[in-house]
Amino acid sequence: MEPIQIELPTIFESMTVNTWLFKGPEPTLIDCGEKTDKLWDALINGLKINGLGIADLKKVIITHAHLDHIGMAKRITEHSDATIWVSEYVYDWAIHLKMMLDRRTGVIMEVMDKNLPSEIKEAYFKFGYDELADYWDEIPKDRIQVFPMEGSLNFGGDDWEIIYTPGHCINQTCFYNPKNGYLLSADMLLPIIPIPIIDAGLRPPYNRVKTLPMQLESYKKLKKLAITKTFPGHFSAFENALALIEKQENKIHVRKEKCFELIENGVTQVIKMVHQVYPNRINDATIFMVIGLLDILMDEGRIEHQEIDGLYHYTAIKKKVVYSQ
Ligand SMILES: [Zn+2]
């Protein structure tokens with residue numbers, strides 16, 4: 001059974017988010033959008049076109065804990081008997097929202113403090129509880145069902161493999177149907193390269209994890225699957241996932257090399273690299289991306305940084321010349 005796309009509005013300019021509907025055997029949604037009245041109306045309308053109402057919903061399965069995918073879940077529980085299915089890694093976000101947002105904001109601001117002049121920091125990075133809590137509710141514990149990070153889930157009349165794919169989000173899962181090659185890809189596979197949003201690790205001491213290197217590993221994982229059609233969290237369904245993955249891997253590689261070239265030529269600060277790699281596109285997405293590219297270069301042992309006046313400056317590591325006898 002192919003999922004039905006219901007496209008919903010978001011608070012992010014010009015972006016929409018998908019909920020994917022399986023009408024049977026029990027009405028199920030994959031993700032549910034954020035909590036706004038506008039989205040609620042669009043959801044009711046989308047279900048109505050398919051002969052359903054909110055009260056008919058039995059399951060809502062959440063791919064990852066970002067507000068545009070999970071925010072509306074509680075409101076759905078107030079108007080239906082639906083159970084909200086979240087992964088082990090999403091569970092804390094579902095029941096301790098402020099704690100998790102504070103934790104994430106802490107690591108984002110730590111990175112930004114070391115990498116950006118203060119005026120840039122103030123203009124972006126509205127990722128905290130105060131900015132997001134209006135659109136995102138915690139979910140009542142007795143309405144949650146937790147699923148593991150691997151194994152399978154049954155919905156839409158099929159068993160779907162749970163594929164843990166951190167990168168854009170540290171707790172993100174995709175669902176793959178080996179029978180027909182369908183992939184519900186969340187924000188792991190999109191027609192555009194997903195933003196590697198900075199986040200804290202899953203375990204104490206909850207230090208920052210390197211999300212772009214994780215995204216590259218998740219691409220590798222998906223390349224092993226025989227995907228025939230992809231149903232993403234944003235934009236329309238598409239075929240040929242493999243070509244898209246390779247295109248995105250290549251683009252990341254090219255931009256990483258561009259950063260390295262800049263560093264070799266004496267550009268030491270993140271914001272200057274963002275200006276060069278993404279001209280006229282200075283925003284939180286491009287800043288996250290450049291931080292991610294630098295993470296890869298650090299992992300490759302090609303660059304290092306030192307703190308000068310509170311800001312990191314990046315320099316290339318000179319290769320040691322080894323003389324043979
Ligand atoms: Zn999203």
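Counting starts at 1 for both ligands and their atoms, following the listed order. None of the values given here were measured: they were computed from a predicted structure.
Between Arg302 and Glu264, no side-chain nitrogen of the basic residue sits less than 4.0 Å from a carboxylate oxygen of the acidic one, so the salt-bridge criterion is not met. Salt bridge status for Asp137 with Arg75: absent, with no side-chain N to carboxylate O gap under 4.0 Å. One finds a salt bridge joining Glu249 and Lys223 here, because a Lys/Arg side-chain nitrogen approaches an Asp/Glu carboxylate oxygen to under 4.0 Å.
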Could you give me the CA-CA distance, side-chain angles and deciding distance for Lys220 and Glu217, then say whether salt bridge (Lys or Arg N to Asp or Glu O under 4.0 Å) is met? CA-CA 5 Å; Lys220 281 189 202 160; Glu217 289 304 309; 3.1 Å; yes

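Seen from the Zn ion (ligand 1), atom NE2 on His234 and atom OD2 on Asp187 lie at an angle near 100° (rounded to 10 degrees).
Nearest N, O or S atom of Asp68 to the Zn ion (ligand 1): atom OD2. The Zn ion (ligand 1) lies closest to atom NE2 when only the N/O/S atoms of His69 are considered.
Among the backbone and side-chain atoms of His64, no N/O/S atom is found under 2.8 Å from the Zn ion (ligand 1). Between the Zn ion (ligand 1) and His66 there is no N/O/S contact shorter than 2.8 Å.
A ring pair (Phe, Tyr, Trp, His ring centres under 6.0 Å) with Phe175 is found for one member of Trp85, Tyr182, Phe147 and no other, namely Phe147.
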